[in-house]
Amino acid sequence: MLAQDGDHPLILIRPAFERKIALVETIGEQVVVRASASLPLPHFLIHLAKASLTGLEGLSGIPGSVGGAIAMNAGSFGTTIGDRIRQVSLWHKGREHSFLRDKLTFGYRSFVHPFSCPEQSDALSIITSAEFVLTRGERKKIFAAMAGYTQRKRATQPVCAKSAGCVFKNPAGEYAGRLLEACGLKGKTRGGVGFSTLHANFLLNLQKGSAKDALWLLRYARDAVESAFGIALELEVRVVPCLQT
Ligand SMILES: Cc1cc2nc3c(=O)[nH]c(=O)nc-3n(C[C@H](O)[C@H](O)[C@H](O)COP(=O)(O)OP(=O)(O)OC[C@H]3O[C@@H](n4cnc5c(N)ncnc54)[C@H](O)[C@@H]3O)c2cc1C
């Protein structure tokens with residue numbers, strides 16, 4: 001998320017109600033596991049690996065919570081979290097509702113459920129937990145795959161810097177990072193904000209960066225890619241508008 005500079009008439013909710021992982025059922029080689037939304041995604045992945053359950057190791061190295069990963073349908077190395085979801089529970093208007101897969105739509109960094117309605121502020125829904133279908137695998141192989149993915153991420157992405165991950169979505173059949181790099185945006189800065197020198201699709205808060213500078217750079221980058229390649233990049237990072245004064 002990228003919050004605009006200024007006043008935000010918002011209540012921030014940190015859904016840290018519980019951090020549980022539970023076995024729901026076993027169906028042959030498949031195992032259904034329920035995880036709380038507030039669980040850090042890396043902890044969940046380590047738990048699955050320890051239990052010799054395969055299917056989500058491609059998400060290794062992605063920070064954030066299980067709930068945040070579902071809300072964004074986080075994905076990496078050919079795996080998206082939505083691929084393994086059987087059911088999602090949401091808190092909405094004072095009670096919890098559960099929806100099976102056929103009522104949920106996972107797209108590229110998007111998750112749509114029966115209460116999704118971005119225009120209505122009273123439509124607030126909080127993911128509380130989800131059920132995942134995993135497959136039995138070999139513990140050693142799962143840990144090795146996770147280590148490999150994490151290493152690849154560390155080598156190509158500024159994983160320890162202050163960023164919100166990739167700022168633009170990859171256009172069909174292309175990589176936003178490649179297009180941005182070709183336009184000379186790797187390392188381009190404005191104020192305290194700049195595109196990473198390691199990966200051009202990561203915008204970093206280098207030193208007390210402002211959203212004003214970040215948004216300027218995003219517009220500049222989008223215009224550069226559009227004039228060079230005729231491709232209009234779409235934002236992956238969610239911009240949170242502030243109160244207009
Ligand atoms: C170094 C780095 C690498 C990354 N690499 C990848 C990658 O390879 N692939 C990828 O897909 N992403 C990547 N990301 C982005 C990452 O997916 C998101 O930052 C993370 O999944 C969001 O989880 P969060 O808990 O931090 O959510 P936040 O950033 O806090 O929130 C993100 C959105 O989800 C909503 N949300 C969060 N929790 C809930 C909930 N419980 N219920 C309802 N809505 C909720 C928020 O309202 C917000 O709109 C990367 C980020 C970084 C910093």
Side-chain angles (χ1 to χ4, degrees), residues 1-4 8 10-20 34-45 56-85 88-93 96-99 104 106-118 121 123-130 146 148-170 175-177 195-206 209 214 234-241:
M1 288 189 290
L2 173 62
Q4 281 186 343
H8 289 266
L10 300 170
I11 294 168
L12 296 182
I13 299 169
R14 189 170 180 224
F17 18 80
E18 59 172 19
R19 291 187 170 186
K20 284 190 194 155
R34 184 185 302 116
S36 304
S38 48
L39 202 68
L41 181 66
H43 293 193
F44 180 45
L45 299 183
L56 286 178
E57 50 272 33
L59 305 182
S60 301
I62 301 181
S65 62
V66 168
I70 296 169
M72 297 298 288
N73 190 20
S76 188
F77 300 113
T79 303
T80 61
I81 197 161
D83 298 341
R84 293 282 170 170
I85 282 183
V88 172
S89 297
L90 299 152
W91 182 90
H92 181 78
K93 291 192 176 171
E96 204 173 36
H97 308 255
S98 294
F99 295 104
L104 311 170
F106 289 95
Y108 180 33
R109 304 291 171 266
S110 83
F111 167 54
V112 179
H113 54 78
F115 299 132
S116 298
C117 183
S121 58
L124 172 77
S125 309
I126 299 171
I127 301 161
T128 51
S129 67
M146 284 171 68
Y149 290 136
T150 307
Q151 213 172 351
R152 274 165 71 184
K153 262 199 186 301
R154 285 199 182 137
T156 55
Q157 297 179 5
V159 289
C160 296
K162 290 178 186 164
S163 85
C166 289
V167 281
F168 292 110
K169 292 181 178 179
N170 289 325
Y175 289 103
F195 286 102
S196 163
T197 49
L198 199 57
H199 191 308
N201 201 15
F202 280 72
L203 193 62
L204 311 183
N205 186 352
L206 299 166
E234 218 184 300
L235 281 184
E236 176 167 330
V237 69
R238 291 192 183 173
V239 178
V240 183

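The figures here come from the full heavy-atom set of this structure, side chains too, leaving out hydrogens, waters and symmetry mates. Note that ligands are numbered from 1 as they come in the structure, with each ligand's atoms numbered from 1 the same way.
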**OP:** With side chain to side chain contact (heavy atoms under 4.5 Å, CB included) as the test, would you mind laying out the steps for Val112 and Leu104 before giving the verdict?
**Re:** CA-CA 6 Å; Val112 179; Leu104 311 170; over 6 Å; no
Original post:
Would Leu10 and Val240 satisfy side chain to side chain contact (heavy atoms under 4.5 Å, CB included), going step by step from the backbone distance to the final call?
Top reply: CA-CA 10 Å; Leu10 300 170; Val240 183; 3.7 Å; yes
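Ranking protein heavy atoms by distance to atom 14 (N) of ligand 1, first place goes to Ile62 CG2, 4.1 Å. Looking only at protein heavy atoms, the nearest one to atom 32 (C) of ligand 1 is Met72 CG, 4.0 Å. Lys153 NZ, 2.6 Å is the protein heavy atom nearest to atom 8 (O) of ligand 1. From the protein, the heavy atom lying nearest to atom 28 (P) of ligand 1 is Met1 CE, 4.0 Å. For atom 10 (C) of ligand 1, the nearest non-hydrogen atom of the protein is Gly75 O, 3.5 Å. Scanning the protein for heavy atoms near atom 51 (C) of ligand 1, the closest one is Gly165 CA, 3.3 Å. Scanning all protein heavy atoms for the shortest distance to atom 45 (C) of ligand 1 gives Ala71 CB, 3.7 Å. Closest to atom 15 (C) of ligand 1, if we only count protein heavy atoms, is Ala164 O, 4.1 Å.
The closest approach between a heavy atom of Ser125 and any atom of ligand 1 is below 4.0 Å.
Comparing Gly67, Gly68, Ser60, Pro40 against atom 27 (O) of ligand 1, the shortest heavy-atom distance belongs to Gly68.
Polar contact with ligand 1: present for Arg238 (N/O pair, distance under 3.5 Å). Residue contacts with ligand 1: Ala37 is placed with no nitrogen or oxygen under 3.5 Å of a nitrogen or oxygen of the ligand (distance criterion only).
With a 4.0 Å cut-off on non-hydrogen atoms, Ala74 touches ligand 1 through its backbone as well as its side chain. Under 4.0 angstrom from ligand 1, the non-hydrogen atoms of Ile127 come from both its backbone and its side chain. Contacts between Pro63 and ligand 1 below 4.0 angstrom, taking non-hydrogen atoms only, involve backbone and side chain alike. Counting heavy atoms closer than 4.0 Å to ligand 1, residue Ser76 contributes side-chain atoms (C-beta onward) but none from N, CA, C or O.
Ligand-side atoms of ligand 1 in range of Gly64: 23 (O), 24 (P), 25 (O), 26 (O), range being under 4.0 angstrom from any heavy atom. Counting atoms of ligand 1 from 1 in the listed order, those under 4.0 Å from a heavy atom of Ser65 are 23 (O), 24 (P), 25 (O). Counting the atoms of ligand 1 from 1 in the order shown, those under 4.0 Å from a heavy atom of Ser163 are 53 (C). Close contacts of ligand 1 with Ala69, meaning ligand atoms under 4.0 Å from a residue heavy atom, involve 21 (O), 23 (O).
Closest approach of Arg154 to Leu198, counting heavy atoms only: O-CD2, 4.2 Å. In this structure, Pro158 and His199 approach most closely via the heavy-atom pair CD-CB, 4.2 Å. In terms of heavy-atom proximity, Leu59 sits nearest to Gly75 at CD2-CA, 3.8 Å. Here the closest non-hydrogen pair linking Thr150 and Ser60 is OG1-CB, 3.5 Å. Summarising the geometry of Ser116 relative to Phe111, their closest heavy-atom pair is OG-O, 4.1 Å, with the distance given to 0.1 Å. Of all non-hydrogen atoms in Leu41 and Ala69, the two that sit nearest each other are CD2-CB, 4.1 Å.
Under 4.0 Å is where a charged nitrogen must lie from a carboxylate oxygen, and between Lys169 and Glu236 no such pair does.
The aromatic rings of Phe115 and His113 lie perpendicular to each other, with more than 60° between the two planes, well past the 30° mark. Using a 30° and 60° split on the angle between ring planes, Phe77 and Tyr149 fall in the parallel class, below 30°.
In this structure, atom 47 (O) of ligand 1 has its sub-4.0 angstrom surroundings free of protein heavy atoms.
Counting only N and O atoms by type, the side chains of Glu96 and Ser89 include no donor and acceptor under 3.5 Å apart.
At least one side-chain heavy atom of Ile81 sits less than 4.5 Å from a side-chain heavy atom of Asn73.
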